[in-house]
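Here the structure is laid out as structure tokens; the discussion comes afterwards.
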Amino acid sequence: MSMQLTRRAALVSSVAAGAALPSLSHAQTGPAPSGEALAEAVDAYVKKAMAAFPDQPAVSIAVVKEGAPVLTRGYGVRAQGGAPIDEHTHFAVASNTKAVTAAALAILVDEGRVKWDEPVRTYLPDFRLSKPELNEMVTVRDLLSHRIGFGLGAGDLLFWPNSDRTRAEIMAAVEHVPIEDQFRTAYHYCNLMFVVAGEVVAAASGMAWEDFVQTRILDRLGMAETLPLMTAADPAKSALPHGRIGPPLRYQGPMQTIGQSIQEVWNWSSAGAAGGFVTNPADWARWIAVQLKRGALPDGSRLYSEARGNEMWKPNIIISNSAGPTPDLPGRAIAATYAMGWQVMDYRGERFITHGGGAPGFISGTVLIPGRDAGFSYFTNAEEGYLTRALRSGIADIVMGKTGFDWIADSVRLRDESDAKSIRAAAEIDAKQAAGAPPSLPLTAYAGTWRDPWYGDIVIAPRDGGLWLAFSRTPSLQGPLEAYDGDMLRTRFPDRREEDVFVSFKLENGRPVSATMKAVSPDADFSYDFHDLRLTRI
């Protein structure tokens, strides 16, 4: 939730930190447009960006300035060759949901029912972690700040890809998910703790997370077209997900529709607080406006207090840092940090409040520029991370009156370089398999039920003269398991939307007794956290 592809996550991280990005000329500052001029400039830019990425089916944009929407528009089509979209077409926005969960807790803080720095066990007495010494230390603020010490994407296989687990089952597994780093010392993006945060909302309010955000946030803002859970999305009113599913690997090959509905590829009802929202620019403009006004509503009432609004933007952990911008690196940040449900950074000398979201077939982002009383969002229905990079920085430059850097051309260049690197990596994977040593045992010796403490069971069974691997709680992760190199085997899942996995077995006395996993592709989304599994035979 980041649910973002590993390659895309690295891209988002580098942009957030302002990593070295070659400029085409020195950045210049001119007058910042407003009103109709701003709408026209963004409109022209989005059209230019889509022309440079012709495989992108649709883009939807919301721009807000001084409390009012200046542009809410859809571009492109719901599906390749299909009907056009408009500003009311639904998109999955994934981790942009996290800021809404933070706002729900802010409301409860204002009401005295939650405290940011109170231990989570005050509200969830059964909350336990794999490091018992942290049980009484982890606070609500920690849940929202990615600083507890879990590794990147830890526990995501509990709900990604579409799992059959309930919210209660996810909560019961939390205490078994490994924690790899020290408490509050480093940033590691963790969807799982936002699921816990949603349960704090439920415990403190007496309402399920989705009911609370519906009645206390969406209804009050008049966001009648926004859905807290994608299960309610109407396929006829939604953009359909698109991606590249090979060959040779996922995120390569031609762009195609990968589902006939949002929920087919992205059913996160059990983990809604981490990434469940479905929305459109007409509605999301209202969310941007209330954020920029620190919780103030047009009628003079407040969603949450100004103090809570400021606190949600207060940095809690450093993501990355650098020496800052230079004439050739105008976007490089001095520091990128994470607050509560928001990333906070400097960009071209101004404060950015931002967050992205990636789901199968969708990427989105929200950017707030408080010093300009402006903000915008972009929603897409394909996994084109370099297009969203161009949208994010290019629209920001328009809002701020910055010129001199061609984000579209630079993003096309980076995409081409990345694609070439990925194709080489795929060829190397195949070559290694062709030259690999045979398994040290007959394939049937690796069959059995293999159990991980937090995920549960993975079954390897003989089938049609070979092996078949099945993740017990993830219906799409099932398929043939074949020889790769020695005691490392690999899958080829029939559902090519999913990431294949290497399985490395450890032998004792000539018998497989334990196994570890990792994704086959170097571009795999980090939410395929196969690497966190520690399997033993039962």
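- With sequence neighbours left out, the side chain to side chain donor-acceptor pair (under 3.5 Å) criterion links Asp457 to Arg451.
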Pair Tyr251-Ser422, side-chain contact (heavy atoms from CB on, under 4.5 Å): steps then yes or no: CA-CA 9 Å; Tyr251 313 117; Ser422 295; over 6 Å; no

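- Residues forming a side chain to side chain donor-acceptor pair (under 3.5 Å) with Ser521 (at least two apart in sequence, or on another chain): none.
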CA sep, side-chain torsions, deciding dist, call: Val120, Met193, side-chain contact (heavy atoms from CB on, under 4.5 Å): CA-CA 11 Å; Val120 172; Met193 289 300 97; over 6 Å; no

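- Under the side chain to side chain contact (heavy atoms under 4.5 Å, CB included) criterion, Pro119 pairs with Thr122, not counting sequence neighbours.
- By the 4.5 Å heavy-atom criterion applied to side chains, Pro494 and Pro480 are counted as neighbours.
- When side chains are defined from C-beta on, Lys432 counts as touching Tyr484, because their heavy atoms get closer than 4.5 Å.
- Thr474 places no side-chain N or O within donor-acceptor distance of the main-chain N or O of Ser476, the cut-off being under 3.5 Å.
- Residues passing the side chain to side chain contact (heavy atoms under 4.5 Å, CB included) test with Leu441, sequence neighbours excluded: Ala445, Tyr446, Leu507, Pro512.
- Side chains of Phe53 and Ser411 form a contact here, defined as non-hydrogen atoms less than 4.5 Å apart.
- The salt bridge (charged side-chain N to carboxylate O under 4.0 Å, His left out) test with Glu383 is passed by exactly one of Arg250, Arg497, Arg244, Arg415: Arg250.
- Thr89 and Asn280 form no side-chain donor-acceptor contact under 3.5 Å, judged by distance and modelled atom types alone.
- Using a distance-only test at 3.5 Å, with no hydrogens or angles considered, no donor-acceptor pair links the side chain of Ser393 to the main chain of Ala390.
- Between the side chain of Asn135 and the main chain of Leu129, a donor-acceptor pair closer than 3.5 Å is present.
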Could you pull out every donor-acceptor pair under 3.5 Å between side chains of residues 269-279 and any protein atom, sequence neighbours left out?
residue, atom, partner, partner atom, Å
Ser269, OG, Asn267, OD1, 3.1
Thr279, OG1, Thr226, OG1, 2.7

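- In this structure, the separation between CD on Gln80 and CD on Gln56 is 10.0 Å, given to the nearest 0.5 Å.
- Counting only distance, with no hydrogens or angles, the side chain of Thr337 and the backbone of Val344 share a donor-acceptor pair below 3.5 Å.
- Each of Asp500, Val501, Asp495 was compared with Glu498 under the side chain to side chain contact (heavy atoms under 4.5 Å, CB included) criterion, and only Asp495 meets it.
- For Phe127, the ring pair (Phe, Tyr, Trp, His ring centres under 6.0 Å) test picks out no residue, with sequence neighbours left out.
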Determine, step by step, whether Phe379 and Phe362 satisfy the side-chain contact (heavy atoms from CB on, under 4.5 Å) criterion, reporting the C-alpha distance in whole Å, the side-chain angles of both residues, the deciding distance to 0.1 Å, and the verdict. CA-CA 7 Å; Phe379 312 119; Phe362 297 91; over 6 Å; no

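- In this structure, Leu391 CG and Ser364 OG are separated by 11.5 Å, a value rounded to the nearest 0.5 Å.
- In this structure Glu482 satisfies the side chain to side chain donor-acceptor pair (under 3.5 Å) test together with Gln433, Arg492, sequence neighbours excluded.
- Rounded to the nearest 0.5 angstrom, Met230 CE and Ser261 OG are separated by 11.0 Å.
- Formation of a donor-acceptor pair under 3.5 Å by the Thr185 side chain with backbone atoms of Gln182 is found in this model.
- Side-chain contact, Glu118 with Tyr123: no donor N or O sits under 3.5 Å from an acceptor N or O.
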The test is side-chain contact (heavy atoms from CB on, under 4.5 Å); show your working for Leu368 and Trp313 and say whether it passes. CA-CA 11 Å; Leu368 309 175; Trp313 292 356; 3.7 Å; yes

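- Inter-residue side-chain proximity for Asp523 and Leu249 is flagged as unmet; no heavy-atom pair is nearer than 4.5 Å.
- Put simply, the side chain of Trp284 never gets that close to the backbone of Thr366: no donor and acceptor are under 3.5 Å apart.
- Although no hydrogens or angles enter the test, the distance criterion places a donor-acceptor pair under 3.5 Å between the side chain of Ser130 and the main chain of Val177.
- A donor-acceptor pair is defined here as one N or O able to donate and one able to accept, closer than 3.5 Å; such a pair exists between the side chain of Asn162 and the backbone of Gln263.
- Within the structure, every pair that satisfies the salt bridge (charged side-chain N to carboxylate O under 4.0 Å, His left out) test and touches residues 126-140, not counting sequence neighbours, is listed here: Arg121-Glu136, Arg128-Glu175.
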Verdict with supporting geometry, Arg424 and Glu428, salt bridge (Lys or Arg N to Asp or Glu O under 4.0 Å): CA-CA 6 Å; Arg424 289 195 300 271; Glu428 291 170 2; 5.8 Å; no

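- Pro247 pairs by the side chain to side chain contact (heavy atoms under 4.5 Å, CB included) definition with nothing, not counting sequence neighbours.
- Side chain of Asp452 to backbone of Trp454: a donor-acceptor contact under 3.5 angstrom is found.
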With a 3.5 Å cut-off and sequence neighbours excluded, list the donor-acceptor pairs that the side chains of residues 142-155 form with protein atoms.
residue, atom, partner, partner atom, Å
Asp142, OD1, Arg147, NE, 2.6
Asp142, OD1, Arg147, NH2, 2.8
Asp142, OD1, Arg184, NE, 3.0
Asp142, OD2, Thr139, N, 2.9
Asp142, OD2, Thr139, OG1, 3.0
Asp142, OD2, Arg184, NE, 3.4
Asp142, OD2, Arg184, NH2, 2.8
Ser145, OG, Arg141, O, 2.6
Ser145, OG, Asn316, ND2, 3.0
Ser145, OG, Ala339, O, 3.2
His146, ND1, Cys190, N, 3.0
His146, NE2, Tyr338, OH, 3.3
Arg147, NH1, Asn316, O, 3.3

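- Rounding to the nearest 0.5 Å gives a distance of 8.0 Å between CD1 of Ile460 and CG of Leu535.
- A donor-acceptor contact shorter than 3.5 Å links the side chain of Asn381 to the backbone of Arg78.
- To the nearest 0.5 Å, the span separating CG on Leu158 from NE2 on His176 amounts to 10.5 Å.
- In this view, His531 satisfies the side chain to side chain donor-acceptor pair (under 3.5 Å) rule with no residue, not counting sequence neighbours.
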Donor-acceptor list for residues 200-214 side chains, cut-off 3.5 Å, not counting sequence neighbours:
residue, atom, partner, partner atom, Å
Ser205, OG, Val201, O, 2.7
Ser205, OG, Met207, N, 3.1
Ser205, OG, Met207, O, 3.3
Trp209, NE1, Thr101, OG1, 3.1
Glu210, OE1, Arg167, NH1, 2.9
Glu210, OE1, Arg167, NH2, 3.3
Gln214, NE2, Asp219, OD1, 2.8

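- The CH2 atom of Trp268 sits 6.5 Å away from atom CH2 of Trp160, with the distance rounded to the nearest 0.5 Å.
- No side-chain donor from either of Thr354 and Tyr347 sits under 3.5 Å from a side-chain acceptor of the other.
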